[in-house]
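Throughout, residue positions are numbered sequentially from 1 according to the sequence presented.
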Amino acid sequence: MDVTADGNEHCVIGVDYGTLSGRAVVVRVRDGKELGSGVFDYPHAVITEALPADLAGDSATRLPGEWALQVPEDYREVLRHAVPAAVRDAGIDPAAVVGIATDFTACTMVPVKADGTPLSELPGFANRPHAYVKLWRHHAAQGQADRVNALAAERGETWLPRYGGLISSEWEFAKGLQLLEEDPEAYAAMDHWVEAADWIVWQLCGNYVRNACTAGYKGIYQDGAYPSTEFLAALNPDFKDFVGSKLEHTIGRLGNAAGYLTAEAAAWTGLREGIAVAVGNVDAHVTAPAARAVEPGQLVAIMGTSTCHVMNADVLREVPGMCGVVDGGIVDGLWGYEAGQSGVGDIFGWFTRYGVPPEYHEAAALQRLGIHEYLTELASRQAIGEHGLIALDWHSGNRSVLVDHELSGVIVGQTLATRPEDIYRALLEATAFGTRTIVDAFRDSGVPVKEFIVAGGLLKNKLLMQIYADITGLPLSTIGSTQGPALGSAIHAAVAAGEYPDIREAAAAMGSEPGAVFTPIPENVAAYEELFREYRTLHDYFGRGANEVMHRLKKIQRNAVGPVASEPVLTAGVSA
């Protein structure tokens with residue numbers, strides 16, 4: 001048993017930065033037992049309509065559609081609140097903690113100065129939208145992504161097939177090009193274009209180390225190189241030096257130590273100065289070791305506001321529409337594949353917020369149920385196809401396999417008899433159809449899915465899990481931990497602290513036991529096969545060019561709203 005000098009059994013902390021909150025978990029190194037946790041909700045949440053008045057002033061800039069920003073100070077607050085809360089909840093001596101690791105939603109980008117100060121914290125920048133964090137679901141750079149893809153295809157860039165033939169508007173290059181073209185002054189003021197996954201590690205240890213995961217999946221880093229200066233100059237002459245001057249930096253291997261906890265960060269967290277701080281990582285990718293899914297063919301779907309699908313394989317294949325394939329992107333020695341859906345839980349949340357009448361909320365309250373639980377109960381009574389609907393799960397665009405965030409949601413078959421529970425079930429099914437499309441793409445490309453494992457906040461919905469098993473035709477198991485990403489980060493912290501030699505051994509000792517298992521029901525599989533054919537027809541009709549109405553509507557919407565202001569709107573009292 002590993003103990004500190006004071007006799008405390010060794011523990012590590014994993015911190016999972018999600019879309020709306022940060023969660024910290026204290027984990028025992030010996031066996032992965034989760035001893036305590038703490039959560040902190042971001043005070044500014046996701047900024048989609050206007051910059052926050054408490055930072056930008058009363059005349060804060062309004063944002064057009066498809067923008068999604070965050071405030072970097074909210075991330076520091078997680079360290080000040082969630083980490084100490086987790087230690088208190090665990091009832092341990094903070095001296096027992098030997099390492100800390102973090103994971104982040106991706107691709108989430110922070111423009112910073114050379115010392116790591118975000119531009120939004122500088123005098124005169126608080127009312128410039130491009131000075132803030134661009135969250136993963138910021139989709140306003142689709143035009144730039146389209147140009148990246150067209151040029152890469154025209155030039156035959158060898159890295160393009162590693163991303164399924166399309167680079168997403170969510171990723172580093174499209175967002176960086178948007179910043180340059182819409183606010184060149186902010187772009188010039190920025191010294192580093194940093195993944196939030198790396199920025200928070202920088203805050204903890206004082207070192208900027210770029211993690212191999214986001215560099216490969218989100219930063220087009222393949223075979224030791226980024227896109228060439230010639231390629232970047234062809235996009236925009238002022239973008240020529242983007243890699244060399246803004247992006248490129250020392251890359252750290254997953255599970256290595258990026259540095260050691262500074263005195264300042266020790267004061268924030270209540271932990272000992274000098275403990276190991278692991279190289280940053282992505283929430284989905286760290287979850288694979290937490291689920292003990294480190295062998296080829298084990299697909300892990302991390303289902304929350306969005307879904308990310310990750311899987312290891314021992315072969316390199318080109319999979320249409322995948323988010324990327326990276327050598328060692330999840331664990332060393334295997335090719336790590338990623339795909340995803342931009343909207344899942346977000347879609348369900350949108351519908352319950354805007355599409356459900358008051359009497360349903362009242363009925364749920366009378367039964368002491370949440371609105372999701374109430375609608376799930378009603379939907380579970382239906383036979384497959386009874387609602388007469390089919391939906392496309394594109395309310396936040398399509399990440400895989402179409403890689404097009406100009407696409408939007410569709411529900412076909414509504415009548416005057418359609419009820420909220422009908423639509424709710426159709427939306428649940430639509431997200432499962434989206435996952436089936438991804439599973440089929442992997443299989444058809446020679447990377448078969450052998451196991452389907454679910455982690456994240458949505459696994460507690462048993463109806464949803466059974467729908468996924470029936471639609472994919474795969475046995476589905478859930479991870480036993482409710483904090484999969486945080487546990488995965490803790491596993492990386494243990495390796496960074498030298499407690500285990502590598503991620504595989506740490507996962508074997510600390511990974512979560514399986515939770516519930518859902519087996520496909522043959523008659524349900526057959527019934528859903530018929531509905532899936534209809535989904536696929538709509539999918540290809542709206543998503544592969546037969547009808548560009550969604551793109552036209554987005555253009556009309558942008559013209560109606562107008563562009564975001566690129567010049568600062570100065571307000572009194574704005575300071576760093």
List the steps and the verdict of side-chain contact (heavy atoms from CB on, under 4.5 Å) for Leu464 and Leu458. CA-CA 8 Å; Leu464 183 64; Leu458 297 183; 4.0 Å; yes
CA sep, side-chain torsions, deciding dist, call: Thr431, Thr307, side-chain contact (heavy atoms from CB on, under 4.5 Å): CA-CA 9 Å; Thr431 66; Thr307 292; over 6 Å; no
Can you tell me if Glu34 and Ser481 form a side-chain donor-acceptor pair at under 3.5 Å? yes
List the residues meeting salt bridge (Lys or Arg N to Asp or Glu O under 4.0 Å) with Lys460, not counting sequence neighbours, and say none if there are none. none
Do the side chains of Arg210 and Thr250 get nearer than 4.5 Å, heavy atoms only? no
Does Arg30 pair with Glu499 as a salt bridge, N-O distance under 4.0 Å? no
Using the test salt bridge (Lys or Arg N to Asp or Glu O under 4.0 Å), find all partners of Glu73 that sit at least two apart in sequence or belong to another chain. Arg76, Arg80
With a 4.5 Å limit on heavy-atom distance, are the side chains of Phe173 and Leu177 in contact? no
To the closest 0.5 Å, what do you measure between CG (Asn207) and CG (Asp198)? 12.0 Å
Checking Tyr75 side chain against Ala196 main chain: does a donor-acceptor pair fall under 3.5 Å? no
Do you know the tightest heavy-atom contact between Gly340 and Ile438? O-CD1, 3.7 Å
Just one of Val15, Val201, Ile200 clears the side chain to side chain contact (heavy atoms under 4.5 Å, CB included) bar with Phe104, so which one? Ile200
Walk me through whether Arg504 and Asp332 qualify under salt bridge (charged side-chain N to carboxylate O under 4.0 Å, His left out). CA-CA 9 Å; Arg504 277 193 176 87; Asp332 281 344; over 6 Å; no
Val83 side chain near Val78 side chain, heavy-atom distance below 4.5 Å: no
Indicate yes or no: does Glu170 engage Arg137 in a salt bridge with an N to O separation below 4.0 Å. no
Carboxylate-amine/guanidinium contact Asp183 Arg128, below 4.0 Å: yes
Can you label the angle between the Trp202 ring and the His192 ring as parallel, tilted or perpendicular, going by 30° and 60°? perpendicular
Would you check if the side chain of Trp193 reaches a backbone N or O of Glu172 as a donor-acceptor pair within less than 3.5 Å? yes
Out of curiosity, Thr269 OG1 to Glu264 CD, how far, rounded to the nearest 0.5 Å? 10.5 Å
Exercise: identify the closest heavy-atom pair between Ala301 and His309: CB-CD2, 3.9 Å
On a heavy-atom basis, the closest approach of Ala290 and Gly488 is CB-N, 3.6 Å
Note: Ala24 and Ala82 closest approach over all heavy atoms is CB-O, 3.7 Å
Gln298 side chain to Phe452 backbone, donor-acceptor under 3.5 Å: no
Beyond-backbone contact of Met109 with Val133, side-chain heavy atoms, under 4.5 angstrom: no
Around Lys33, counting heavy atoms of other residues, nucleotides and ligands shown, do more than 12 lie under 6.0 Å from its NZ? no
Face-on cation placement of Lys218 at Tyr163 ring, 6.0 Å and 45° thresholds: no
Can you tell if the side chain of Glu338 reaches within under 4.5 Å of the side chain of Cys308, non-hydrogen atoms only? yes
In short, ring-ring contact (aromatic ring centres under 6.0 Å, His included) pairs touching residues 252-271 with sequence neighbours left out are none
Can you tell if the side chain of Thr19 reaches within under 4.5 Å of the side chain of Trp136, non-hydrogen atoms only? yes
Tell me if the centroids of the rings in His130 and Trp67 come within less than 6.0 Å of each other. yes
Can you say whether the rings of Tyr17 and Tyr42 are parallel (under 30°), tilted (30 to 60°) or perpendicular (over 60°)? parallel
Can you sort out the partners of Arg292 under side chain to side chain donor-acceptor pair (under 3.5 Å), two or more places apart, ordered by chain and number? Glu513
So which heavy atom on Ala197 is nearest to which on Asn281, and how close? CB-O, 3.6 Å
Which is it for Glu248 and Tyr221 under the side-chain hydrogen bond (donor to acceptor under 3.5 Å, both in side chains) test, yes or no, and what are the steps along the way? CA-CA 10 Å; Glu248 193 171 31; Tyr221 184 76; over 6 Å; no
Distance alone, cut at 3.5 Å: any donor-acceptor contact between the side chains of Ser396 and Asp346? no
Is a donor from one side chain sitting under 3.5 angstrom from an acceptor on the other, for Gln341 and Thr435? yes
Nearest 0.5 Å, please: how far is CG in Asp74 from NE2 in His81? 10.0 Å
If we ignore hydrogens and angles and just use 3.5 Å, is the side chain of Tyr500 paired with the main-chain N or O of Met510 as donor and acceptor? no
Residues at least two apart in sequence or cross-chain that pass ring pair (Phe, Tyr, Trp, His ring centres under 6.0 Å) with His285, listed by chain then number, are Tyr217
List for me each residue that meets salt bridge (Lys or Arg N to Asp or Glu O under 4.0 Å) alongside Asp241, sequence neighbours excluded, and say none if there are none. none
I'd like to know if the side chain of Lys175 reaches the main chain of Leu135, judged simply by a donor and an acceptor atom lying under 3.5 Å from each other, with no hydrogens or angles considered. yes
Would you call Tyr132 and Pro118 a side-chain contact if the rule is heavy atoms closer than 4.5 Å? no
Check whether any side-chain N or O of Asn211 sits under 3.5 Å from a backbone N or O of Leu254 as a donor-acceptor pair, and report yes or no. no
Just by modelled atom types, is the Met322 backbone N or O under 3.5 Å from a matching donor or acceptor in the Ser400 side chain? no
Phe348 vs His372, ring-ring contact (aromatic ring centres under 6.0 Å, His included): CA-CA, chis, key distance, verdict: CA-CA 8 Å; Phe348 311 149; His372 288 281; 7.2 Å; no
Would you sort out whether Val97 and Leu271 count as a side-chain contact (heavy atoms from CB on, under 4.5 Å), showing the intermediate values? CA-CA 7 Å; Val97 178; Leu271 303 177; 4.0 Å; yes
Is there a donor-acceptor contact under 3.5 Å from the side chain of Trp335 to the main chain of Gly328? no
Evaluate the side-chain contact (heavy atoms from CB on, under 4.5 Å) criterion for residues Ile453 and Leu299: first the C-alpha distance (whole Å), next the side-chain angles of each, then the deciding distance (0.1 Å), finally the verdict. CA-CA 6 Å; Ile453 304 164; Leu299 180 71; over 6 Å; no
Check: Asp283 main-chain N/O paired with Thr287 side-chain donor or acceptor under 3.5 Å: yes
Do Asp16 and Ser489 have side-chain atoms, one donor and one acceptor, less than 3.5 Å apart? no
How close do Ala86 and Val25 get, counting heavy atoms only, and between which atoms? CB-N, 4.5 Å
Distance check, rounded to the nearest 0.5 Å: Ile251 atom CD1 versus Asn256 atom CG? 12.5 Å
Quick check: do Asp93 and Val87 have side-chain heavy atoms less than 4.5 Å from each other? no
Is a side-chain donor or acceptor of Thr61 paired with a backbone partner of Asn127 at a separation under 3.5 angstrom? yes
